[in-house]
Amino acid sequence: MTPALAQHHGNEDAAHETHSGQDDHHDVCGFHHDPAPGSEYDSKQTSFHHIADANVYSIGPIQIPLPVIVYAPGSGWDFFMSSKFHFETIGHGDGHHAYNRYVLQAGSIKRIPDPSFPSGDVQLDGFITKHEEKEGKEVTVSYACYDGHEYRLDAKSTADGGLFGGGITSFYDFSLTKNVVSMIIIFGLFFFVFRRITKAYKERDGMAPKGIQSFFEPIFLFIQDEVAKPFLGDKWEKYLPFIMSLFFFILGLNLWGQIPFFGGANVTGNLAVTLILAVFTFFVTNLSGKKHYWEHVLWMPGVPAGIKAVILTPVEILGLFIKPFTLMLRLFANITAGHIVVLSFVGLIFLFGKMGGSMGGSIGGVVISVPLTIFMMSIELLVAFIQAFVFAILAASYIGAAIEEEHH
Amino acid sequence: MVGSIAALGMGLAVIGAGIGIGNVGAKAMEAIARQPEAVGDIRANMILMAALVEGAALIAIIVSFLVA
């Protein structure tokens, strides 16, 4: 613990006594998000920060502001651009100003629930991160410094139940975040591309495909012939738009998140996004279920009644929910795991280089990290296609099982 | 040390999924060798089965995330 970094603030209260005092570089209030050279590299926290959603869009080191839509019970709705937080354009997304008790820390909007903090545009002195003991678990809590006081920040508002440090908090964040903007871009891109392809098919009827049309035709035909037709039976045409939308939406976002230095939006690795995709599949499957399907779920014919009542029917009903649940987890875990592995390999540079403290270590880290990262990115490219295909094929097989007609 | 024990559990779950996916792949290769003309159907079903086996390992990953 260096003396310069160990200085304390005058307003220590009871909550600060539980502070473990491990990360000394966090003891000073400020916007110096990057740890000091020579300090220990926290690969877990860095990875989780980079796969999480953000209220700024970062292309390389440049941060682009995004619209903010937030609602807090009691203080109502707020609409503004995240540039109101006055964050550095080239930096780590720490906002130097607070606006209506909202602050931007490490690219995410957080709220100061303390009513004594002034509303409106307020200049902050900085942020401070502390590790506190809560119900036996060590949690990281952030404070905003203003006018000699430290104000506790609420965690960011996310729909994934706080898996990556967010959760249900005192406010609701409906902002156009990095993930939402990525989805809108992919949606717009595919809308434009597929409209052009449709037009090309009308104009060039009976002729060979040309340009972008010939790029998408094999992909489209592959899903149609390998997924939709074998699994959906005679009524494949009715469900083809749903399967295709799922496939191209997931594929597009998987690939969009693969582009290095371009935001790296982890959209399909966000539990809320995959949850909605799985819920759509659940409703399409069960709302189109025929009598045959429900009969086999609720009261399987040809099985003794006791076994049906005790085991089979409860398991089948559980299965209705487990199917979309694993769909949700599979896509989320595959994409998130891929991003974490890539980030961990890149993090080797900082781990060996002791955060810039050792030049030789950094060079050694680069030599190891670059080939591993390129290898992992190639695998991820494959995984992007496979996961989109797997989601489509599983959705098709679930729907296919639901619409199957009786054939005895 | 909680994190490392969670990682151990995840590793144990991956053994199971690894054996499962290995079996799926091995049998699919055998089937393709026996009947090369059915390679398209076998490949699609192989990926489907591998995805289903993978589900168990994914739940282990999520649990280790939550515990760690």
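Letters go in sequence order (proteins before strands), and every chain restarts at 1.
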> Which residues in residues 16-44 of chain B have any heavy atom lying under 4.5 Å from a heavy atom of chain A?
Replying inline: B:Gly40, B:Ala44
> Any donor and acceptor pair, going by atom type alone, linking the side chain of A:Thr274 with main-chain N or O of A:Leu271 inside 3.5 Å?
Replying inline: yes
>> Check for me whether the distance between the ring centres of A:Phe282 and A:Phe321 falls short of 6.0 Å.
In response: yes
> Hey, is the main chain of A:Asn179 close enough, under 3.5 Å, to the side chain of A:Asp53 for a donor-acceptor pair?
Replying inline: yes
> For A:Leu232 and A:Ile403, which heavy atoms make the closest approach, and how far apart are they?
Replying inline: O-CD1, 3.6 Å
>> If we ignore hydrogens and angles and just use 3.5 Å, is the side chain of A:Thr336 paired with the main-chain N or O of A:Gly269 as donor and acceptor?
In response: yes
> Centres of the A:Phe389 and A:Phe222 rings: under 6.0 Å?
Replying inline: yes
